[in-house]
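Below: one structure, written as structure tokens.
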2 protein chains.
Amino acid sequence: MALSTLSTAKAHGSHRLLLSPLPFPISRRSAVGFQKTHLCPSNPLYHSNSLASAVPMPVSSTPSARHGGAVRSSLIDPDGGALVDAVVPPTERAARRAEAAALPAVRIGPVDLEWVHVVSEGWASPLRGFMREKEYLQSLHFNSLRLTDGSVVNMSLPIVLAINDADKEAIGDAATDVALVGPGGDFVAILRRIEIYKHNKEERIARTWGTTAPGLPYVEKVISPAGKWLIGGDLEVLEPIKYNDGLDHYRLSPRELRKEFDRRQADAVFAFQLRNPVHNGHALLMNDTRRRLLEMGYKNPVLLLHPLGGFTKEDDVPLAVRMEQHSKVLEDGILDPETTIVAIFPSPMHYAGPTEVQWHAKARVNAGANFYIVGRDPAGMSHPTEKRDLYDPDHGKKVLSMAPGLEKLNILPFRVAAYDTVEKKMAFFDPSRAQDFLFISGTKMRTYARNGESPPDGFMCPGGWQVLVSYYQSLQSEETGKQSVAMSV
Amino acid sequence: MALSTLSTAKAHGSHRLLLSPLPFPISRRSAVGFQKTHLCPSNPLYHSNSLASAVPMPVSSTPSARHGGAVRSSLIDPDGGALVDAVVPPTERAARRAEAAALPAVRIGPVDLEWVHVVSEGWASPLRGFMREKEYLQSLHFNSLRLTDGSVVNMSLPIVLAINDADKEAIGDAATDVALVGPGGDFVAILRRIEIYKHNKEERIARTWGTTAPGLPYVEKVISPAGKWLIGGDLEVLEPIKYNDGLDHYRLSPRELRKEFDRRQADAVFAFQLRNPVHNGHALLMNDTRRRLLEMGYKNPVLLLHPLGGFTKEDDVPLAVRMEQHSKVLEDGILDPETTIVAIFPSPMHYAGPTEVQWHAKARVNAGANFYIVGRDPAGMSHPTEKRDLYDPDHGKKVLSMAPGLEKLNILPFRVAAYDTVEKKMAFFDPSRAQDFLFISGTKMRTYARNGESPPDGFMCPGGWQVLVSYYQSLQSEETGKQSVAMSV
């Protein structure tokens, strides 16, 4: 299953494309694309995670003993030393299912299920389930967890499960384990050694988002309707989580990704997190990263193009459309399929800016990426009630570069790319001729696509653009259809 | 000056008192007063700061080389290895003052001046001034700073200086240093190698307090009226900060405190932070701590009774009254002056619960305390707009016990003490006979004092209580006076 994605990418005529020149010759200016964050150079007291440690490391031919031998981890260790695997082995599933049927049952929602998926595959390693209060408090206050050996792992988002008063009462005081029942009514998992504690929503929201303004998408979707208790415990997931949406083959687990990186003999893996269509600015950044890694002496850097697949806000482009768009980007040769792996990151989106970007990076460490690209305003959005970005667009990369537990990851902060109206292509923004650059926001892009207008030449490959145009036009005809129905009543 | 406080305490007939029995025989129940926090015993993955490392350590006779020889640090190292001293040496003051007069000037407020005081004496070591953005972001997101050697120190409150647009414009782009002018118009300090960055008040408040509800005292006093820029830099303070309020002799610096602990040959120092009058519940807790430390093998544990002296909210008891009350508690023999040092902690109060208690503990590490007592709801208050505590009363001790950078400190979490109506004294609350206990809140205490009523026998020593009664009665006559004036207009 894992390999079907990869072969899909390869089937798209990559060999032909490899012989063609890249559509956007990499300009000399892009050589300064890697931009170190300017963090208080006058004060040498503090230390940042940076490129400093990025010396090429040979691919070791044997897994080190600490990985338990289960997964080769040539480039970077998973947090806590071993990937969590919370899926019950096939031979034990019948027994666990029978056990689950006899336990107090807790019904979970679609986003909770995404978290079960995330934890079950080890993206949140060493977390083995939903947080108990001790992990929750460390996450909220320190964005990290301290392990028993004194080491620290990053953990910036509370991964928690809320229950209501009725659930709590039904569970009672004596139960130590509960069964989790999915949105479809099926048993999903057993939660072991439970701990129930208070869900102070106001505090959780304020400390996670740095605001309590109404209109935060994850808050409105998940937290506001949730109960006032949290239930923590270790997960035993009864079956691998599948969505049956035609995209499951893109959902490679950290274990599968690590195997694939090894199979390709990658000596560097650079991850690119995104929740939007890939435009040529993104591509510039990814291709420039590869070029720089080759210059640094790496022989086989591999790009993990890693769109987020869980909950996103209403006006984001849906996952299926994005996956189709990403395929076109590879087909059109904007990215090289030979050195790119496209897979889905199953996490839901918080839109929590500097807090969330740490989660995005940490999860990719667990998947085996040792380089992480971070651009302008990662995981950011507009302030829901004020006319400004919710986060300072530079805070994401600054916070990420100092985040506890991510010292081993090479952070690649990038300048923003914009459309250069003189060169007629996406390029790194050059403040000395700011007037030549056009910033094409998501809103602007959607307006173009909705109106059937073309964006400036060179903004996005034609195949990818066509996917968006079709999507927005289908949306409109759907809306028109709905309106007609509404009017005919 | 340092010693005058200590001699004041000693002058209060301590030798006589030492011969008297303590007014409240320590009950057997108090032996369980030391209560370990119950942090998720089912999950052995994580580690708490605790009493585990609290084995008696001999007082070393020579300071270790890393302390720079300046201050003996027998019991615990200051954060970063050396205490910051940002006060300009006397011989250089004239030159620095002349230099300050030629620099762009920034006017600071009374609470800013308290922070200058705090930083100048090294309470916030290794912080050498107001935070630049890099420290600010680490404090907001991680409650800690990572030093260049990779070690981590705790830093939970942003120690920042706000300026407005006019200040920023007056400073201009070229200046690297500015002069700070105190509320009285005098030059207070030079701020070196400045960095000006945005002051996102909403985010700062949400991440520090876990709420943005209106009515947070520090927010209303300091943040809301402040400018929308922050200015960081290293401090050079022109003179030691003095308040000339008759209490400066109580304001011992961390350096002076460490010297005094050494002079007394303390082999353990346990700090007690407070912003309220000392009642017999507090005393029980402090005396019980001493007893337990002796049981553990320490020969000479010394109590640092350390009231907070900076900004407090309107309805807290003013510092001068509290200091008088604390004197009476020592005079009345409730605490033993021979083994107690009373000094003022010059920090302003944030009322930020679990976030602030870390600051309270960290500053005491710098002052040489290696044990820190934490009770119910430290640095907490009522939610400003809802009928509940702002923080879960147990979160303070839990967060403190896991706080990064405080692993070297022994945290002593205590159960709450309340008035035992059967035994007629303050005692550790016993949930098995909850009906016997009376919780006397600050509000209740003030009501008693205001009405000239006596609290239950054994709640507070008579001398201390009389100080409060006089204070509240003077307040009332002042109010009556004001009202008469108002009516006569």
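Chain letters run A, B, ... following the sequence lines, proteins first and then strands; every chain starts at 1.
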Any donor-acceptor N/O pair, [X] side chain to [Y] backbone, under 3.5 Å:
{"X": "Asp177(B)", "Y": "Arg193(B)", "result": "yes"}
{"X": "Lys408(B)", "Y": "Asp77(B)", "result": "yes"}
{"X": "Glu195(B)", "Y": "Glu133(B)", "result": "yes"}

*Part of residues 351-359 of chain A lying next to chain B, heavy-atom separation under 4.5 Å*: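 So the qualifying residues are Pro354(A), Thr355(A), Gln358(A).
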Is [Y] close to [X] at the side-chain level, that is, under 4.5 Å between some pair of heavy atoms?
{"X": "Phe130(A)", "Y": "Ile159(A)", "result": "yes"}
{"X": "Trp115(A)", "Y": "Trp123(A)", "result": "no"}
{"X": "Leu127(A)", "Y": "Val153(A)", "result": "no"}
{"X": "Thr211(A)", "Y": "Glu386(A)", "result": "no"}

*Less than 4.0 Å between a side-chain N and a carboxylate O, is that true for Lys397(B) and Asp392(B)?*
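The answer is no: the pair does not qualify as a salt bridge.
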*Contact summary for Asp79(B) and Asn366(B), nearest pair of heavy atoms*: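 Scanning both residues, the minimum pair turns out to be N-OD1, 2.8 Å.
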_Under 4.5 Å from any heavy atom of chain B, what part of Ser156(A) do you find: side chain, backbone, both or neither?_
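Neither part.
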*Of the backbone (N, CA, C, O) and the side chain (C-beta and beyond), which part of Tyr197(A) lies under 4.5 Å from a heavy atom of chain B, both, or neither?*
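Neither part.
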*asked:* Let's test your reading of the structure: which of Thr212(A), Asn143(A), Thr176(A) forms the most heavy-atom pairs below 4.5 Å with chain B?
replied: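 Answer, by heavy-atom pair count under 4.5 Å with chain B: Asn143(A).
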*Do any of residues 199-206 of chain B have a heavy atom less than 4.5 Å from a heavy atom of chain A, and if so, which, in residue order?*
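Counting heavy atoms that sit under 4.5 Å from chain A, the residues of residues 199-206 of chain B involved are Asn200(B), Glu202(B), Glu203(B), Ala206(B).
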